[in-house]
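Chain letters run A, B, ... following the sequence lines, proteins first and then strands; every chain starts at 1.
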Amino acid sequence: MSPPEVHHLFHHPIADHSFSADRQTLAVAKENNIELYQRAGGKFQLKDELTGHDKTVTGVDIAPNTGKIVTCSQDRNAYVWEPSPEGWKPTLVLLRINRAATCVRWAPSETKFAVGSGARLIPVCYFEEEDNWWVSKHLKKPIRSTITTVAWHPNSVLLAAGSTDGHARVFSSFIKGVDARPEPSAWGERLPFNTVCGEFLNNTAGWIHSVAFSPSGNALAFAAHDSSLTVVYPSAPEQPPRAVVSITTQLLPFMSIVWSGEDEIIAAGYNCEAYRLQGSEQGWQLSGSLESKGRPGMQAEREESAFNMFKQMDLKGKVTDDTKLKTVHQNTISTIRSFKEGGGTVSQISSTGVDGRVVIWTL
Amino acid sequence: MANVNWRTINVDALDPDSPANFDLSSLTPAVAPVATADVQALAGQIRQLMRGGDNEGALQGALENPPYGADDRGKEVHLAAVIEILQSIRQSDMSPILQRIYSAPGGSEALDVLMKYIYKGMAQSSTVSATRNITPQATGFSQIHSRGGGEGGGQAMSVLLSWHEKLVEIAGPGSIVRVMTDRRTV
């Protein structure tokens, strides 16, 4: 296992990040703007800045094939940015929400995307050729509170959403003329728009921070603010799920989860480090941290000279400087994403957090 | 009409889609209602076990059946029983007992329940001492009062604090987060 690749971009929280398909361009949300970094050698250099939002940007996603960037912000708007000879050209999306947008993700088909919002609804946005305009259709019922996270099923029709009402839900976002009719799956057979294919609540009804479908789409995992991770295995349409496995951890809550295979999830959050969880329908358990102890640059306490020790005690009132965490990230990790994958397994992930670092981990 | 104060109108009540207009109980996990008499019977059984010297069994029994669905009276009764058990267990026995409960099936859940009772006990012992010495400023720093006047409150607090310390060692900060998050209260 090679050591993680750490890039400290700036001293600001990173709300969300996304890499381009070739992993050479990195988009990060920094305050009201999106910064685009280009990999040059072993470093990321600031290349461009997308300005247009006038409140904190909460989500950014680069479509892997078309290269379009979608962003959303607390100013209740979303933009789709397309490259043009004069630079990045934004198109406003008609979200029709009266509260902040909280998160945004492209569907795997890249013809539409979903935006989570504080208005208790999810605009599913698609391009209207006739009007040359991105329009939205609202997923509304039975959402009772802010949507904090959305995740797509590989078929681009099913959408999972986590909410502060403690429910993780699976919706159909089928839009006629945009989507091909999906194959029937364990989640449902006929899937008109706004079909609720599943609604799950964990024991404590803590709010949901992150949801994710397994690579095959046949299982759903969600992490909640009660430091738990729940994995749901559906059985058949309109039937109770085959298994719902919930594990509570001793750690602080997870903010973001990524399936690295059908039987492994990487989760990270308020503990400032990423953890590996393994399991199946029979049960899940925490199998360890991605941090390797004794990593270079994190050497054990050096022998201090007596002079230095007394100097420190005089200056700071203590001998050792204990303001640095033992983890790579020095604050909450807010987003983790797959960085390199192949054959249904993820071999590298990228993480960003409140400390302004981007870290690429090899699993 | 002219002197309606627009600022005091509850706009949420006028919006049919507003959260003020739906049943909030759908957001919370379902809990079965429990009669106070049942809670009292359970508390009786727990005390029986304690008299028999089986403190650990009593604690386990109390934590496995938290009366989430009981009314305030029932919850008080169960809290009193749990606090009584906690006070009757010696400090040196705390960690081994917690360790055994944790490794039993459903142990993590039981320890979360214990954490809830510890916090509830702390809240309660400070109100008791605050009412005992009524002072013009209620600052919330009530342990200062209990140290001066209410000896009983201070002692109960120190027992709860040492339980809290031992419990966090085993169940981690996750347990504290769960108490804050959980909508099922004790």
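- Distance check, rounded to the nearest 0.5 Å: CG of A/Asn203 to CG of B/Asp112 gives 10.0 Å.
- Heavy atoms from other residues, nucleotides or ligands lying under 6.0 Å from CG of B/Asn10 number more than 12.
- At distances below 3.5 Å, at least one donor-acceptor pair connects side-chain atoms of B/Arg178 with backbone N or O atoms of A/Asp226.
- Chain B is approached within less than 4.5 Å, heavy atom to heavy atom, by A/Thr248, A/Thr249, A/Gln250, A/Leu251, A/Leu252, A/Pro253 from residues 246-255 of chain A, ordered by number.
- Listed here is the closest heavy atom pair of A/His225 and B/Val177: O-CG1, 2.9 Å.
- Within the 4.5 angstrom heavy-atom criterion, no atom of B/Leu111 approaches chain A.
- Contacts of A/Asn271 with chain B are absent, with no heavy-atom separation under 4.5 Å from either backbone or side chain.
- Atom CH2 of A/Trp207 is surrounded by 12 or fewer heavy atoms from other residues, nucleotides or ligands within 6.0 Å.
- Among residue pairs with one or both ends in residues 79-99 of chain B, none qualify as ring pair (Phe, Tyr, Trp, His ring centres under 6.0 Å); sequence neighbours excluded.
- Shortest non-hydrogen contact noted between B/Gly174 and A/Ser227 is CA-OG, 3.6 Å.
- The part of B/Tyr102 that comes within reach of chain A is its side chain, from C-beta onward, which places non-hydrogen atoms under 4.5 angstrom from that chain.
- Under the rule for a ring-ring contact (aromatic ring centres under 6.0 Å, His included), the partners of B/Tyr119 that lie at least two apart in sequence or sit in another chain are B/His164.
- Annotation: B/Gln91, atom CD; neighbour count of heavy atoms from other residues, nucleotides and ligands within 6.0 Å does not exceed 12.
- For residues 38-59 of chain B, every residue pair satisfying the salt bridge (charged side-chain N to carboxylate O under 4.0 Å, His left out) rule, not counting sequence neighbours, is listed here: B/Arg47-B/Glu84, B/Glu56-B/Arg100.
- Few gaps surround CZ on A/Arg96; more than 12 heavy atoms of other groups in view lie less than 6.0 Å from it.
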